[in-house]
Number of protein chains: 2
Amino acid sequence: MARTQGSHSDITGPRVREAALHLFARHGYAAVSMRKIAAEVGVQAGALYNYTPDKQTLLFELMRAHMEELLAAWDAATPPPEAGVRAALEAFTRFHIRFNTRRADAVFVSYMELRNLDPENFNVIEGLRRDYETRLEAILRRGVAEGRFAVAEPRIGAMALIAMLTGVNTWFRERGRLSLAEVEALYWDMVRRAVANQG
Amino acid sequence: MARTQGSHSDITGPRVREAALHLFARHGYAAVSMRKIAAEVGVQAGALYNYTPDKQTLLFELMRAHMEELLAAWDAATPPPEAGVRAALEAFTRFHIRFNTRRADAVFVSYMELRNLDPENFNVIEGLRRDYETRLEAILRRGVAEGRFAVAEPRIGAMALIAMLTGVNTWFRERGRLSLAEVEALYWDMVRRAVANQG
DNA sequence: GGTTTATCTGAACATCCGTTCAAATCAAGG
DNA sequence: CCTTGATTTGAACGGATGTTCAGATAAACC
């Protein structure tokens with residue numbers, strides 16, 4: 001036996017990545033075998049190698065795609081400078097929560113599986129992560145320069161805020177007590193006060 | 001050949017746990033074999049089973065020990081009620097940063113390897129984690145009740161602050177630009193303002 | 001309808017996995 | 001010094017691992 005009915009690269013490729021992302025998020029990269037990914041797709045393990053040269057690259061590409069989509073999405077959602085630095089910070093806060101809760105699997109994998117990346121792959125992902133942190137850092141710096149924010153260490157402030165916002169993923173559930181809009185409002189309130197100048 | 005010189009349970013037991021904690025933190029539970037742990041200790045794989053019934057229990061006991069030490073250490077460091085709620089929050093902030101940076105491996109494992117726990121073991125660790133969050137939540141609630149803090153959702157506020165504080169572990173290095181005391185001060189400043197009533 | 005090409009199967013590869021256990025060895029107590 | 005008990009070795013177990021590849025099959029094109 002060999003090629004099955006309905007088989008097609010345009011269909012199987014995305015399904016492989018979906019299955020891998022889901023399984024990696026749930027059980028971890030090292031605990032998920034190529035055979036398990038193949039079973040989830042409904043295919044034999046060997047067929048996966050039409051879509052990735054190896055398991056490591058499959059992980060890396062998932063993480064890279066996520067980080068690049070994150071950066072592109074934020075760059076597309078960044079308010080114009082004339083909207084003011086406060087609007088920029090609010091936009092970042094809400095964007096981060098919204099984007100990350102909608103892609104919980106990719107966020108989880110991109111953070112948890114860093115240690116399973118080859119050194120060169122790790123450096124790429126780490127660079128993208130730094131890029132993203134720098135976006136927020138720039139907002140904080142501008143706010144300080146304009147006398148609107150009080151942040152002694154903008155780089156550390158950026159990392160602290162991102163850690164806080166990403167933490168939403170550990171408890172937020174779509175059908176929970178609080179809507180996404182309510183969660184955004186709660187966190188924006190904390191972010192705003194954490195960096196505010198007055199008070 | 002068999003028993004080697006200098007072998008003793010009192011020595012090997014802790015060394016097994018140390019090696020396991022270090023390797024689990026560095027490479028992840030699933031990626032670390034019993035043979036690798038044994039090699040780090042300088043022993044054959046079979047000898048590990050004098051100190052743990054199986055690999056799963058070894059992981060679980062590391063996590064349980066860490067969480068219980070965390071709770072005991074905070075309970076021992078909690079300021080008396082008459083010191084005031086603000087002092088309690090500052091003490092928690094500083095305690096969390098100090099304790100967690102000193103035990104980075106255990107913190108990392110206790111968070112990252114949750115998904116590798118058997119369901120019943122997971123429930124135990126999750127319960128301990130909730131206990132710890134509840135300690136901070138209680139401080140926030142008291143602050144709100146006394147009119148000193150403004151926190152709309154104390155449970156979520158507690159999780160948000162803990163996420164922010166734990167984030168220190170991702171970048172803090174003992175010999176970095178900032179001392180632990182400086183980091184504590186930076187974060188306490190952000191925590192204080194994030195929950196403050198005035199402003 | 002016949003040919004080509006993309007896609008998949010199924011078996012095979014060497015290697016590693018967690019765990020068990022009899023036999024061997026060392027430390028401690030009398 | 002000899003016995004007893006704790007500790008470790010080394011081999012073995014069945015099974016899972018990532019990856020390769022010749023052969024089989026379905027889809028696409030003429």
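Letters A, B, ... are given to chains in the order of the sequence lines, protein chains preceding strands, and every chain is numbered from 1.
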Side chain of B:Asn50: nearest nucleotide among D:dT7, C:dC8, D:dT9?
-> D:dT7
Could you state the atom-to-atom distance from [atom1] of [X] to [atom2] of [N] in whole Å?
| X | N | atom1 | atom2 | answer |
| --- | --- | --- | --- | --- |
| A:Leu58 | D:dT19 | CG | P | 10 Å |
| B:Gln44 | C:dT19 | CD | P | 17 Å |
| B:Arg15 | D:dT7 | CZ | P | 15 Å |
| B:Ile11 | D:dT7 | CD1 | P | 11 Å |
| A:Leu48 | C:dT7 | CG | P | 14 Å |

With a 4.0 Å cut-off, would you call A:Glu133 and A:Arg129 a salt bridge?
-> no
Does A:Thr12 make a side-chain N or O approach to OP1 or OP2 of C:dT7 shorter than 4.0 Å?
-> no
Could you tabulate the donor-acceptor pairs under 3.5 Å formed by side-chain atoms of residues 104-126 of chain B, not counting sequence neighbours?
residue	atom	partner	partner atom	Å
B:Ser110	OG	B:Ala106	O	2.8
B:Glu113	OE1	B:Asn116	ND2	2.7
B:Glu113	OE2	A:Arg115	NH2	2.8
B:Glu113	OE2	B:Tyr29	N	3.0
B:Arg115	NH1	A:Phe24	O	3.3
B:Arg115	NH1	A:Ala25	O	3.2
B:Arg115	NH2	A:Glu113	OE2	2.8
B:Asn121	ND2	B:Gln56	OE1	3.0
B:Asn123	ND2	B:Pro119	O	3.4

How does each nucleotide of nucleotides 13-18 of chain D score, in 5' to 3' order, for protein heavy atoms under 4.0 Å: base (B), sugar-phosphate only (S), or none (-)?
-> ----BB
Distance only, no hydrogens: is a donor on one side chain within 3.5 Å (strictly under) of an acceptor on the other, for [X] and [Y]?
| X | Y | answer |
| --- | --- | --- |
| B:Thr166 | B:Asn169 | no |
| B:Arg17 | B:Thr52 | no |
| A:Asp131 | A:Thr134 | no |

Does atom CZ of B:Arg135 have more than 12 heavy-atom neighbours, drawn from other residues, nucleotides or ligands, at distances under 6.0 Å?
-> yes
